[in-house]
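Since the structure comes first, as structure tokens, the remarks are kept for the end.
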Amino acid sequence: MRVGFDVFTGLDTGLDGDVEFRVFPSNRDHVMRSQSVTFARNYQSRTAAVLMGHLCYQDELLAKLPQSITQNCTSDAAIALAVYSHFGRQGLEQLEGEFSLVVWDGELQQLFALRDPLGSWQLFWLKAGTTLALSTSIIPLLDLLPNKPFNLDFLAQFLMLPSPAVELPTEETAFTGINRVLPGTILTITATGTVETYRWWDWAAKQHHNNSLTLESAGEQYAHLLRQAVKQRMERGQIAAHLSGGMDSSSVVCLARDWMLSGVGKPQLDTLTAVYKRPSLAGERAYAEIVLEQGGPIVPHFLDADDALVFRWFNDDIPYHDEPYAGLSHLAMEKLLVEAAHKLGADTILTGMGADELLVGTRLSMASKLRQGQWLAAFSEAQRMAQANNQSIWSILYQFGIGPALPMLMVGTIGTWWRGGFGRWPKVGKFAIPPWILPEFAQGTKMQTIGRQNAQRLYGGSAEFSVDLWSLQASVGDWSRWYLAAPQGMHNSHPFLDSRVLSFCLELPTALREIPGMPKPVLQTAMRGILPEPIRSRRHKATFNDIYWLGLSKHLPCLELMVRNSPSQELGIFDAQQLIQAMRQAAVGIGNMEAIYHINTTLALIAWFDQMMAAQHQSLEAPTEVHQLHRQVEITC
């Protein structure tokens with residue numbers, strides 16, 4: 001089932017054609033306090049808006065508007081339209097939350113399209129002939145393209161991503177001719193089809209270390225911001241929350257519980273905990289139970305997760321998704337949690353996602369010291385880290401100092417350079433081309449150059465801040481929210497990724513993020529008296545490595561069949577037999593983590609291509625609502 005919206009209009013002198021809004025709300029919107037897709041219009045000002053997602057800090061917005069306007073703000077779209085009507089385009093920059101939005105101004109004959117800074121909901125646009133279209137999905141736009149051409153340069157960039165990301169940081173998409181509205185930007189489209197892009201949110205501009213912050217003051221401020229971020233996401237119907245037993249999810253659950261005790265939101269919080277019998281993970285349940293023992297309006301639910309192995313979906317039909325996603329192999333757990341929340345009647349699912357992005361030290365301060373010639377200081381810092389983590393001082397110094405200080409060292413060995421950027425199995429570098437990629441494709445799409453650019457982008461300039469920006473980009477979008485929760489009428493929400501919370505994190509001095517032996521010092525300090533001490537002071541959490549090896553081994557025959565039979569081979573991207581050989585070796589533990597990641601990325605591309613080819617032959621779903629706005633007369637169907 002599709003959830004989202006389309007906006008279609010004709011382009012000619014004067015824009016004589018209608019502006020048509022097609023709305024696809026979820027089938028459970030009628031029971032939600034606030035619908036996931038809302039439409040609003042103002043006949044007097046000849047404006048209209050459609051919004052997917054939710055606005056946060058609404059009380060602050062409404063306080064800025066005249067009372068005569070606020071009385072009509074009965075939905076998120078209506079609030080956004082009221083803010084635009086009163087403040088103009090600049091007012092759209094004041095919106096906060098998890099949303100995509102399109103506004104039509106009949107007086108100016110202009111469309112405005114924007115997304116929040118973390119791109120919580122995707123938004124695409126296309127100009128084809130005399131038609132302009134915007135949509136939260138690529139499929140309806142493909143119908144306007146005669147050839148539906150795949151963008152091979154985009155696919156090459158995807159295959160060279162050094163870490164999983166839902167969305168690439170580019171206006172291009174997987175299809176030539178279809179464009180992306182970037183997070184934190186406003187797209188202005190005039191009557192004649194002129195398109196202007198204005199970037200109203202820039203994470204780089206917000207980075208300035210506040211060296212006057214102490215750990216105690218930072219913890220106090222962070223606790224206040226995170227508490228408010230949780231509250232903003234609790235007023236959307238029945239709440240469920242993921243509780244893993246780690247510090248991040250436990251913090252969200254404890255804060256949500258405290259808000260409920262004070263009368264905020266529904267009186268019950270359903271917690272979802274995945275439990276395992278495997279020795280490496282069986283102990284995690286005990287930490288979740290420590291939170292539950294604190295009491296409060298919590299109803300716990302324990303989910304058997306032993307079968308939620310990686311690649312589990314590749315035996316079944318993978319849900320339609322607009323672009324390839326490198327993390328696709330690991331989403332069996334997400335599916336388990338969303339299905340459980342749906343059975344409980346949840347409207348909003350709170351997660352602990354996003355705490356690692358700017359709260360965990362990057363350990364790259366020694367790279368900055370090396371660039372400044374402070375060799376002794378860098379060596380001393382590496383020594384402290386080595387002692388705290390029981391690691392070799394030289395391995396830490398190279399990984400977090402020498403390598404990042406000279407980004408080209410991270411691209412690969414001399415052999416990698418000599419082979420045109422190709423890595424060699426079983427040690428394929430993070431920025432190297434996987435050996436199963438065909439040379440013609442790699443050369444035609446300049447994959448070696450892409451690898452170098454990624455290394456420079458990740459470690460260039462201030463290595464610490466470059467990694468922070470990369471982490472923020474990797475946080476853009478939410479595959480589970482778009483393709484699992486939304487079709488079930490639910491909304492995944494991530495308090496740690498609140499823009500106010502993240503902006504404060506960019507002010508944190510490096511010294512407050514990197515305290516040897518103290519994971520996430522600011523969060524630990526913020527949660528004093530809120531989190532149970534065994535969780536707040538926990539230093540290590542179990543890994544899920546054995547889940548990966550078991551999953552790959554179990555589903556290897558199915559994956560091999562997918563590779564052999566995939567029509568994606570017609571694109572001339574990879575050598576199927578060489579990929580399969582690498583998969584077989586990885587299934588028995590051969591290959592470094594970078595090599596394994598390259599396998600995951602390639603398989604995700606193949607799976608996406610196969611389901612996209614199938615989706616193109618299916619008929620488009622009819623919208624639940626259609627609103628046509630003419631230059632003179634507005635019509636509702």
Side-chain angles (χ1 to χ4, degrees), residues 163-164 242-246 248-249 272-288 301-319 321 324-340 351-353 356 425-428 430 434 436 479-480 483-484 540-566 576-608 610-611:
S163 59
H242 178 212
L243 176 60
S244 69
D248 306 341
S249 64
L272 308 172
T273 302
V275 295
Y276 300 86
K277 298 176 184 176
R278 304 182 190 282
S280 62
L281 295 170
E284 293 300 303
R285 175 172 180 163
Y287 288 98
H301 303 273
F302 296 97
L303 314 176
D304 183 359
D306 275 325
D307 289 333
L309 302 174
V310 299
F311 296 112
R312 179 178 177 180
W313 272 0
F314 288 69
N315 277 334
D316 308 313
D317 291 333
I318 297 173
H321 49 293
Y325 172 42
L328 186 65
S329 59
H330 291 73
L331 284 167
M333 177 57 65
E334 293 287 339
K335 184 179 181 183
L336 181 70
L337 294 170
V338 169
E339 288 178 345
T351 81
M353 176 180 168
D356 291 343
W425 184 268
K427 296 182 178 181
V428 183
K430 178 183 293 188
W436 51 83
W479 199 98
S480 176
Y483 303 113
L484 296 181
H540 303 288
K541 191 176 178 183
T543 68
F544 287 76
N545 291 343
D546 63 335
I547 300 294
Y548 180 86
W549 305 119
L550 286 169
L552 179 57
S553 178
K554 180 177 180 179
H555 299 295
L556 185 60
C558 167
L559 294 171
E560 289 188 16
L561 189 63
M562 180 186 74
V563 172
R564 288 194 180 96
N565 296 339
S566 174
Q577 191 55 42
Q578 195 169 357
L579 172 59
I580 289 172
Q581 289 176 357
M583 291 161 52
R584 290 174 178 174
Q585 294 188 39
V588 294
I590 300 174
N592 62 5
M593 293 309 298
E594 286 82 4
I596 299 303
Y597 170 72
H598 284 305
I599 288 177
N600 297 343
T601 303
T602 307
L603 292 177
L605 175 61
I606 295 170
W608 164 79
D610 291 355
Q611 61 90 43

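Here the structure is a predicted model, which is why all the values come from computation and not from measurement. Heads up: numbering here begins at 1 and tracks the sequence.
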Q. Looking at Ala274 and Ala305, what are the two nearest heavy atoms and their distance?
A. CB-CB, 3.7 Å

Q.
Looking at every heavy atom in both Val428 and Pro434, which two are closest together, and how far apart are they?
A. CG1-CA, 4.3 Å

Q. Roughly how far, to the nearest 0.5 Å, is CG of Leu309 from NE2 of His330?
A. 11.0 Å

Q.
Would the distance check show the side chain of Trp608 and the main-chain N or O of His321 forming a donor-acceptor pair, the cut-off being under 3.5 Å?
A. yes

Q | Straight-line distance of Trp436 CH2 to His598 NE2, nearest 0.5 Å | A | 7.0 Å

Q: Identify the two heavy atoms, one from Ala308 and one from Ile547, that lie closest to each other, and give their separation to 0.1 Å.
A: O-CG2, 3.9 Å

Q: Taking all non-hydrogen atoms of both residues into account, name the closest pair between Met562 and Asp610 and its distance.
A: CG-OD2, 3.8 Å

Q: With rounding to the nearest 0.5 Å, note down the distance linking CE in Met593 to CG in Asn600.
A: 8.0 Å

Q | Exercise: identify the closest heavy-atom pair between Val310 and His555 | A | O-CD2, 3.3 Å

Q | Test item: Tyr597 side-chain N/O and Ser163 main-chain N/O as donor-acceptor pair under 3.5 Å | A | yes

Q) Nearest 0.5 Å, what's the NZ-CG distance between Lys277 and Asp304? A) 6.0 Å

Q) Looking only at heavy atoms, which two atoms of Ser480 and Val338 are closest? And how far apart? A) OG-CG2, 3.8 Å

Q: State whether the side chain of Glu339 and the backbone N or O of Leu336 hold a donor-acceptor pair below 3.5 Å, judged by distance alone.
A: no

